[in-house]
Amino acid sequence: MKTAANITIDQNGKLSVPDHVIIPFIEGDGIGPDIWHATRLVLDSAVECTFRGERKIEWKELDAGEKGYEKTGKWLPEESLEAIRQHVVAIKGPLTTPVGKGIRSLNVAIRQVLDLYACVRPVKYISGVPSPMKRPENINMVIFRENTEDLYAGIEWQAGSPEAEKLAAFLRDEMDASLPEGAGIGIKPISAKNTKRLMASAIVYARDNGYPSVTIMHKGNIMKFTEGAFAAWGYEAAREQFGDLTITESEVYEKHNGKAPEGKIVIKDRIADMLFQQVLLRPEEFGVIATPNLNGDYISDALAAQIGGLGMAPGANIGDQCAVFEATHGTAPKYAGLDKVNPSSLILSGAMMLDYMGWDKAAELIRQSLEKTVKSGLVTYDLARQIDNSSTLSCSDFGKAIVDNISNCRQE
């Protein structure tokens, strides 16, 4: 086995992944240690079973969150951010938001500081998981949520503060805006540059993974110069950068009798509230969804509910220079240390990470083995209470059950 080394990335964004690779991890707060230990066991087992020792991950722990603060006095040490930059790919559990410490969200801070502009959340049903939908098997979508701007930029001022009053006076006196007295004020920046790079990454993902369409989700009928511009710039990116690959939905109906030409990705848009209805009624019509930050937060959680909840939903934050894969749920502090919660979100995020690294056979083995475990009725409490004749496992035992199926899959 060669000496462990970092992933590198060239000027064209192509990864070079050594066979013995160093991957940083942040254990996370609350339930983070529980779900990380189960996840690490599954990832190591899948890599070993797939590559038989020819490939291996060496894990490198980074300080962040409560554990990081206890060790370093900082919630998000610069050394940890720099390590992610240097290693290109990392994975993390959920992090708490320190109250009254000047940081709105550690998760948001990591995305913005590292310019991880695309929050990517695949939503695909795993057979055997309880779902409120009649046909959850039709749900196979991937959300591309812009990560760096919109209302999450954090440009806001508290009601009654001198800053809010000063801005309100300017808006009334100079911009002829009508505002209620004593209002809190937030700014919603959306830019062409950040919209177009998100849209480009969504189209590339659709191309590389066989999705037939990219839908722009927006509220441009009301917010014409922010969300309306997001839609317009999204279409521009498709036309300017992928003109030979894409076709608009209107062109499909006007020129091709409603049937997209072979090999073309259809670019369409939907008003946000309408899309919430349509992903329920006609989920098979949607593949990749590109959306501003706040809309993406809402739609990704709503879609996760259709496949069994956030505990079954993976996610990643990806930029041009590095990527961080993460659990999509919170820290659930009341369950911390109880070895109880479902680790599937982080496990599936780990599978996404392996896909990103080009180790897709190991990733697929994880997904198959997780599905097989759920179908067998060996599940954590959140699923057991919804599945008849199931057995309730701890978080760690659920991870071990997946590992058993990984081993069995390799023997079959």
Show the numbers, then the answer: is there a salt bridge (charged side-chain N to carboxylate O under 4.0 Å, His left out) between Lys340 and Asp382? CA-CA 9 Å; Lys340 184 175 182 178; Asp382 56 314; over 6 Å; no

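- Using a distance-only test at 3.5 Å, with no hydrogens or angles considered, a donor-acceptor pair links the side chain of Ser376 to the main chain of Thr373.
- Summarising the geometry, atom CZ belonging to Arg270 is positioned 14.5 Å from atom NZ belonging to Lys219; distances are rounded to the nearest 0.5 Å.
- Ring to ring, Phe325 and Tyr356 are close: their centroids are under 6.0 angstrom apart.
- A side-chain donor-acceptor contact under 3.5 Å links Asp320 and Tyr117.
- Ring geometry for Trp36 versus Phe25: interplanar angle under 30°, hence parallel rather than tilted (30 to 60°).
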With side chain to side chain donor-acceptor pair (under 3.5 Å) as the criterion, how do Asp63 and Thr72 come out once you've worked through the C-alpha distance, each side chain's angles and the decisive distance to 0.1 Å? CA-CA 8 Å; Asp63 296 321; Thr72 69; 5.6 Å; no

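- There is no side-chain donor-acceptor pair under 3.5 Å between Glu284 and Asn140.
- Within a 6.0 Å sphere centred on CG of Asp208, heavy atoms belonging to other residues, nucleotides or ligands number more than 12.
- Between Ile35 atom CD1 and Leu346 atom CG the span is 4.5 Å, to the nearest 0.5 Å.
- In this structure, the separation between NZ on Lys334 and OG1 on Thr331 is 12.0 Å, given to the nearest 0.5 Å.
- In this structure, Lys196 pairs ionically with Glu240, as a charged nitrogen and a carboxylate oxygen lie closer than 4.0 Å.
- Using a cutoff of 4.0 Å between basic side-chain nitrogens and carboxylate oxygens, Lys71 and Glu66 are not scored as salt-bridged.
- With hydrogens and angles ignored, the 3.5 Å screen pairs a side-chain donor or acceptor of Ser390 with a backbone N or O of Ile387.
- Residue Ser45 holds its OG atom at 13.0 Å from NZ of Lys400, rounded to the nearest 0.5 Å.
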Might you work through the salt bridge (charged side-chain N to carboxylate O under 4.0 Å, His left out) test for Asp355 and Arg367, ending with a clear yes or no? CA-CA 11 Å; Asp355 280 327; Arg367 286 187 280 264; 2.9 Å; yes

Using ring pair (Phe, Tyr, Trp, His ring centres under 6.0 Å), reason through Phe286 and Tyr211 one step at a time and then give a plain yes or no. CA-CA 9 Å; Phe286 301 97; Tyr211 285 91; over 10 Å; no

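- In the displayed structure, Glu78 atom CD is contacted under 6.0 Å by more than 12 heavy atoms of other residues, nucleotides or ligands.
- At least one donor-acceptor pair under 3.5 Å links the side chain of Asn342 to the backbone N or O of Ser344.
- The backbone N or O of Asn12 lies less than 3.5 Å from a partner atom in the side chain of Asp10, making a donor-acceptor pair.
- Without hydrogens or angle criteria, Glu156 side chain to Gly186 main chain gives no donor-acceptor distance under 3.5 Å.
- Judged purely by atom type and a 3.5 angstrom limit, Ser349 uses its side chain to pair as donor or acceptor with the backbone of Glu326.
- Put simply, CD on Glu58 and CG on Asn6 are 10.0 Å apart, with the number rounded to the nearest 0.5 Å.
- Between Trp75 and Tyr69, the ring planes lie parallel to each other; the angle is under 30°, not in the 30° to 60° tilted range.
- Looking at Val21, Val17, Asp19 one by one, the single match for side-chain contact (heavy atoms from CB on, under 4.5 Å) with Arg55 turns out to be Asp19.
- Salt bridge annotation for Glu82-Arg85: present, with a cationic side-chain nitrogen under 4.0 angstrom from a carboxylate oxygen.
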Which is it for Arg121 and Asp301 under the salt bridge (charged side-chain N to carboxylate O under 4.0 Å, His left out) test, yes or no, and what are the steps along the way? CA-CA 10 Å; Arg121 293 190 175 180; Asp301 281 19; 3.4 Å; yes

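- Of the possible donor and acceptor atoms, one in the side chain of Gln112 sits under 3.5 Å from a partner among the backbone N and O of Tyr152.
- Ion pairing between Glu27 and Lys92 fails under the 4.0 Å rule for side-chain N and carboxylate O.
- Between Ile7 and Ser16 the shortest side-chain heavy-atom distance does not fall below 4.5 Å.
- Not one N or O on the side chain of Thr195 forms a donor-acceptor pair closer than 3.5 Å with the backbone of Phe230.
- A donor-acceptor contact shorter than 3.5 Å is absent between the side chain of Asp397 and the backbone of Leu393.
- Side-chain N/O atoms of His218 and Asp269 include a donor and acceptor closer than 3.5 Å.
- Separation of atoms CG (Leu198) and SG (Cys119) is listed at 10.0 Å; rounding is to 0.5 Å.
- Under a 3.5 Å cut-off, the side chain of Glu146 and the backbone N or O of Glu149 do form a donor-acceptor pair.
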